> 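Got a structure here, written out as structure tokens. Questions coming.
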Amino acid sequence: MTSSRTVFVGTPAFLGRIDGVTRCAFWTGDPVEHDFDPARLLSVDLARTPSAAAAAVISWADVEVDDCFSGPDGDTGGSTLGPAWPELHLTGAVYLATDFIERLPAAVLSGLSGFGGSAVLAGSADLADSAFLAGSADLAGFAGQPFERQSVVYWPGTDDPRAGNRYAGHCAEVLEQRGTLARVGVYPPGRSTDPATSPVTMWLDLASPEHCDAGPDSLTTIGGTVTRGALFLIAGRVSSHLSDLSDSSALLDSSALSDSFPRSTT
């Protein structure tokens, strides 16, 4: 089942070089700290996305970065550095495919800030044990738990109920549970450790792929005896049309989720 999906890990991105309309190189940490060392640049093609794979422009094995997408809370998620010249930003985020990371030479990984030279664990649910994002935890939007900087896309055209769906990682706490229905407090990505941030409360079905990553090898960990952990909320569907990066009709914001089930009376 896991071979029919692509997992992404977000990293800060500081634009360092433009190699083409969609190809560029960036630093994963503030380049001032290493005097803009060109050896630490990471080259990517921002056009090698799930949308391109869904449109059969590239194969899923060639996906390098996630699209820019609208998150469940309405905020912009995924790769925000691009998508192409001249819209490239000096700073942003790039969500790298874990398969792409694992193909990078060891010499490249060892020189990247925040990667810790290890990418093996980046595609697993045990991201908290990985040094992959250690160098980015103090940057805006990259605090909290490592899974808050993850997304996953299930490839269209399979018999998985999640096929074509994208999910974004959040830190969540189960406040009440009735079977598979749960009232949860969900933190904005990268904000769960911010004492000034309060979670948004909503009802959802932890067994429904229309609400969250639910099923075999799910990245969602909450439910049952686990009351706090990862919740991968649906963040639209992958479009086969490159002009449409997400299907807005599939997005579930907090108000929609709250209205889907009865509110607690307690």
Side-chain angles (χ1 to χ4, degrees), residues 6-52 58 62-71 73-98 100-101 103-105 107-117 119 122 131-144 146 148-151 153 166 168-169 188-191 193-194 196-197 235-236 242-246:
T6 301
V7 179
F8 300 89
V9 179
T11 177
F14 298 80
L15 185 64
R17 189 179 70 232
I18 299 173
D19 298 321
V21 175
T22 61
R23 289 202 59 83
C24 67
F26 64 90
W27 290 286
T28 60
D30 189 342
V32 173
E33 296 179 358
H34 49 70
D35 197 25
F36 297 84
D37 185 357
R40 297 183 179 227
L41 286 169
L42 175 58
S43 296
V44 295
D45 188 338
L46 296 173
R48 292 183 173 270
T49 65
S51 291
I58 61 172
D62 292 328
V63 170
E64 296 183 8
V65 303
D66 201 357
D67 298 290
C68 181
F69 59 84
S70 295
D73 53 3
D75 290 340
T76 300
S79 300
T80 61
L81 191 67
W85 171 265
E87 291 85 10
L88 289 173
H89 301 286
L90 288 178
T91 61
V94 172
Y95 273 55
L96 296 166
T98 56
F100 171 74
I101 297 167
R103 294 195 298 267
L104 293 174
V108 174
L109 280 175
S110 64
L112 298 178
S113 172
F115 284 70
F132 181 80
L133 289 171
S136 62
D138 58 344
L139 297 176
F142 284 88
E148 297 179 58
R149 304 182 292 282
Q150 268 192 295
S151 60
V153 172
R166 173 185 282 109
R191 304 269 299 278
T193 57
D194 181 358
T197 299
L242 294 181
S243 60
D244 300 322
L245 295 184
S246 64

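All figures in this text were calculated on a predicted structure; none of them were measured in a lab.
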> Locate the shortest heavy-atom distance separating Leu15 from Trp27; write the atom from each residue and the value.
O-CZ3, 3.9 Å
> For residues Leu104 and Leu42, determine if any side-chain heavy atom of one lies less than 4.5 Å from a side-chain heavy atom of the other.
yes
> Any heavy-atom pair between the side chains of Phe69 and Ser151 that's under 4.5 Å?
yes
> How close do Tyr95 and Glu148 get, heavy atom to heavy atom, and via which atoms?
OH-O, 4.2 Å
> Between Ser43 and Arg17, is any pair of side-chain heavy atoms under 4.5 Å apart?
yes
> To the nearest 0.5 Å, what is the distance between CZ (Phe26) and CD1 (Ile18)?
14.0 Å
> Working to the nearest 0.5 Å, report the span between CD of Glu87 and CG of Leu81.
12.0 Å
> Do you know which two heavy atoms are closest between Thr193 and Gly144, and how far apart they sit?
OG1-N, 3.4 Å
> Using the rule side chain to side chain contact (heavy atoms under 4.5 Å, CB included), only one of Asp45, Leu46, Asp19 pairs with Cys24; which is it?
Leu46
> What distance separates Thr28 OG1 from Leu41 CG, expressed to the nearest 0.5 Å?
9.5 Å
> Knowing that exactly one of Val63, Val9, Val65 qualifies, which makes a side chain to side chain contact (heavy atoms under 4.5 Å, CB included) with Leu96?
Val65
> Counting distance only, does the side-chain N/O of Asp67 pair as donor-acceptor with the main-chain N or O of Ser51 below 3.5 Å?
yes
> Can you confirm whether Thr22 sits close enough to Pro83 that some side-chain heavy atom of one is under 4.5 Å from a side-chain heavy atom of the other?
no
> Taking all non-hydrogen atoms of both residues, which atom of Ala47 and which atom of Ala52 are closest, and how far apart?
O-CB, 3.4 Å
> Within the side chain of Asp35, is there an N or O that forms a donor-acceptor pair under 3.5 Å with the backbone of Asp37?
no
> Measure the spacing between CZ of Arg166 and OG1 of Thr6 and express it to the nearest 0.5 Å.
10.5 Å
